[in-house]
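Please read the structure below before turning to the comments.
Heavy atoms only: backbone and side chains are in, while hydrogens, waters and symmetry mates are out.
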Amino acid sequence: MTDKKHFFPLKLKMLCLLLLLTGLAAGVYYLGNNIGYSTVVSQYMTEDASAARVRLYTAKFQSYVAKNDLSSKDLNAIAAWTKETKYVHLLIFKGGEPRAEAGSWGANSLIGSRSEKYYEAVGDSISFTPVKFSDGTFRVSLDEYSYTKYYTLCDVSALILAFTVLIGGLIIYESRMTRRITTLSAAAQKIEKGDLDCVVPVSGRDELSRLAGGMNSMRMSVQERIRSETAARQANGDLIAAISHDIRTPLTTLIGYLELLQNGAYSSDEQLKLYVDVAYEKSMRLKELTDELFSYFLVFDQSDIPVKIEEFDAQILMEQLLGEQIIELKNSGQRVISKELDESCVVMADVMYLKRVVDNVFSNVKKHSDIEKPVMVMVQMESDGRVHICISDSIPPVPNKVESTRIGLKTCEKLMKVMNGEFKTLAEGNKFMSELIVPVKQQKIEG
């Protein structure tokens with residue numbers, strides 16, 4: 001999963017990208033504009049080039065006047081030429097007095113206008129060329145500004161380049177996001193079809209990376225659940241096969257003795273009592289097996305077993321749970337070596353479930369242990385900070401007739417797990433050990 005501390009939302013990422021691209025586009029526009037303007041100035045607006053264009057336009061105007069026999073008062077004709085030529089500005093003087101002005105907008109007389117005084121004042125600073133009109137020779141000042149069209153071209157080109165950078169950056173980002181989404185979609189389709197080994201690639205630190213990480217977690221959770229369910233089905237199948245065999249044996253014996261009793265196939269009251277006792281023994285064995293099987297399915301069929309975790313003084317609780325069991329073993333002739341918990345601490349457990357587990361373990365000890373060998377019961381605090389209850393016994397050279405279905409051990413394992421503890425068993429040679437691990441709240445009881 002993506003680290004929350006470094007999470008970078010898509011909205012913020014998009015905003016930052018827009019700001020970055022806008023700044024970059026503005027920089028491209030400014031740089032392109034400056035390069036274009038500098039090129040126009042250095043290549044097109046040199047003094048010689050400008051003077052040559054002025055001379056050219058002046059010669060064209062003089063030719064136009066002569067060809068059309070224009071007077072200085074033919075303002076419409078003069079305006080027609082300036083509009084067609086574009087980028088020129090004409091001032092017509094008679095001596096030191098301005099008479100007319102023309103440009104791309106048209107032409108107008110300066111006599112009596114507000115501009116007349118201005119042009120009279122600046123007339124000495126303007127260069128003139130004599131032009132013959134039909135009404136006399138006039139001084140004409142021509143100014144050309146064709147460079148403005150190149151400035152406009154530079155502006156438009158720089159603007160197009162900046163826009164290209166902005167749109168190009170957005171397209172690249174959009175393509176990258178589309179590829180990521182397409183990859184996630186393809187992985188989702190594979191998982192939907194049952195390919196749970198398909199690893200969803202995680203890249204970036206945004207919502208999509210979180211989605212990819214979530215899909216991987218979901219995929220692994222489903223895999224784990226399938227493995228668990230498969231193992232559970234296999235275990236249940238093995239258990240049912242084993243319990244069927246265990247139930248069939250006493251049931252067959254019971255049916256046989258009941259048939260003998262039903263048919264009166266006994267020769268004395270002593271034999272009758274023997275048959276009844278054997279039938280009763282096998283009936284009780286069947287009851288024990290069915291109780292174990294019911295207990296197992298009662299526990300394992302529930303995904304959420306109700307549990308009431310409480311705090312208990314470990315020394316007092318261990319003494320209550322184990323003391324009675326140890327006394328019963330001793331009374332039955334079993335030798336017991338025990339070690340009590342020597343540290344005060346508080347354990348967290350459901351006392352009813354914990355008692356059930358302890359009773360199950362000692363019930364197995366009573367059924368299957370070697371009466372000639374001692375039973376070891378040890379309680380101590382381990383380095384992992386939890387209380388460990390170890391109960392070990394010895395298997396007799398000739399096993400007892402009572403066979404174990406191991407259903408009780410599976411139930412113990414489930415119950416300890418729901419209490420956040422553990423249940424382990426270990427068989428080595430003729431030794432068998434059960435270990436209950438109970439979680440601890442604190443190491444010492446505050447006085």
Side-chain angles (χ1 to χ4, degrees), residues 22 25-163:
T22 301
V28 168
Y29 175 79
Y30 177 78
L31 181 62
N33 216 338
N34 280 349
I35 292 175
Y37 277 30
S38 298
T39 303
V40 171
V41 170
S42 62
Q43 300 295 325
Y44 191 78
M45 294 184 62
T46 62
E47 186 175 347
D48 292 341
S50 297
R53 288 193 299 275
V54 168
R55 289 194 298 269
L56 177 63
Y57 283 123
T58 302
K60 288 183 177 181
F61 178 67
Q62 191 166 14
S63 175
Y64 175 76
V65 170
K67 180 179 179 180
N68 294 279
D69 194 23
L70 300 178
S71 72
S72 61
K73 297 178 181 179
D74 292 331
L75 297 182
N76 289 335
I78 294 173
W81 183 83
T82 55
K83 287 180 180 180
E84 181 182 356
T85 304
K86 297 179 182 179
Y87 307 111
V88 294
H89 176 253
L90 291 176
L91 284 174
I92 303 174
F93 275 66
K94 182 64 174 178
E97 299 176 358
R99 295 304 179 98
E101 178 183 24
S104 58
W105 68 89
N108 58 282
S109 173
L110 295 177
I111 300 175
S113 69
R114 293 182 179 179
S115 301
E116 182 180 7
K117 297 296 183 182
Y118 169 76
Y119 285 119
E120 285 180 355
V122 300
D124 293 337
S125 63
I126 301 175
S127 60
F128 294 96
T129 300
V131 175
K132 291 182 179 181
F133 288 87
S134 61
D135 56 346
T137 301
F138 290 78
R139 295 193 302 162
V140 175
S141 172
L142 186 147
D143 185 24
E144 69 87 27
Y145 49 94
S146 60
Y147 58 87
T148 57
K149 63 181 178 181
Y150 295 105
Y151 281 167
T152 302
L153 180 61
C154 290
D155 290 338
V156 172
S157 299
L159 187 62
I160 292 175
L161 185 60
F163 186 76

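- The two residues Lys83 and Ser104 have their closest heavy-atom pair at CG-O, 3.4 Å.
- Side-chain atoms of His89 and Glu144 include no donor-acceptor pair closer than 3.5 Å.
- A side-chain donor-acceptor contact under 3.5 Å links Asp135 to the backbone of Ser72.
- Neither side chain, Tyr150 nor Thr39, offers a donor N or O lying under 3.5 Å from an acceptor on the other.
- Counting only N and O atoms by type, the side chains of Tyr57 and Asp143 include no donor and acceptor under 3.5 Å apart.
- One N or O on the side chain of Ser113 and one on the backbone of Leu110 form a donor-acceptor pair closer than 3.5 Å.
- Take Arg139 and apply the salt bridge (charged side-chain N to carboxylate O under 4.0 Å, His left out) test, not counting sequence neighbours, and it matches no residue.
- You'll find the ring centres of Phe138 and Phe93 outside the 6.0 Å limit.
- For Asn68 (side chain) and Tyr64 (main-chain N/O), a donor-acceptor pair under 3.5 Å exists by modelled atom type.
- In terms of modelled atom types and a separation under 3.5 Å, the side chain of Thr152 and the main chain of Thr148 share a donor-acceptor contact.
- Judged by the 6.0 Å distance and 45° axis criteria, Arg53 is positioned over the aromatic ring of Tyr44.
- For Tyr147 and Tyr151, the ring centers are positioned less than 6.0 Å apart.
- Remark: the backbone N or O of Ala79 is paired with a side-chain donor or acceptor of Thr82 at under 3.5 angstrom.
- Between Glu97 and Arg99 there is a salt bridge, with a side-chain nitrogen of the basic residue lying less than 4.0 Å from a carboxylate oxygen of the acidic one.
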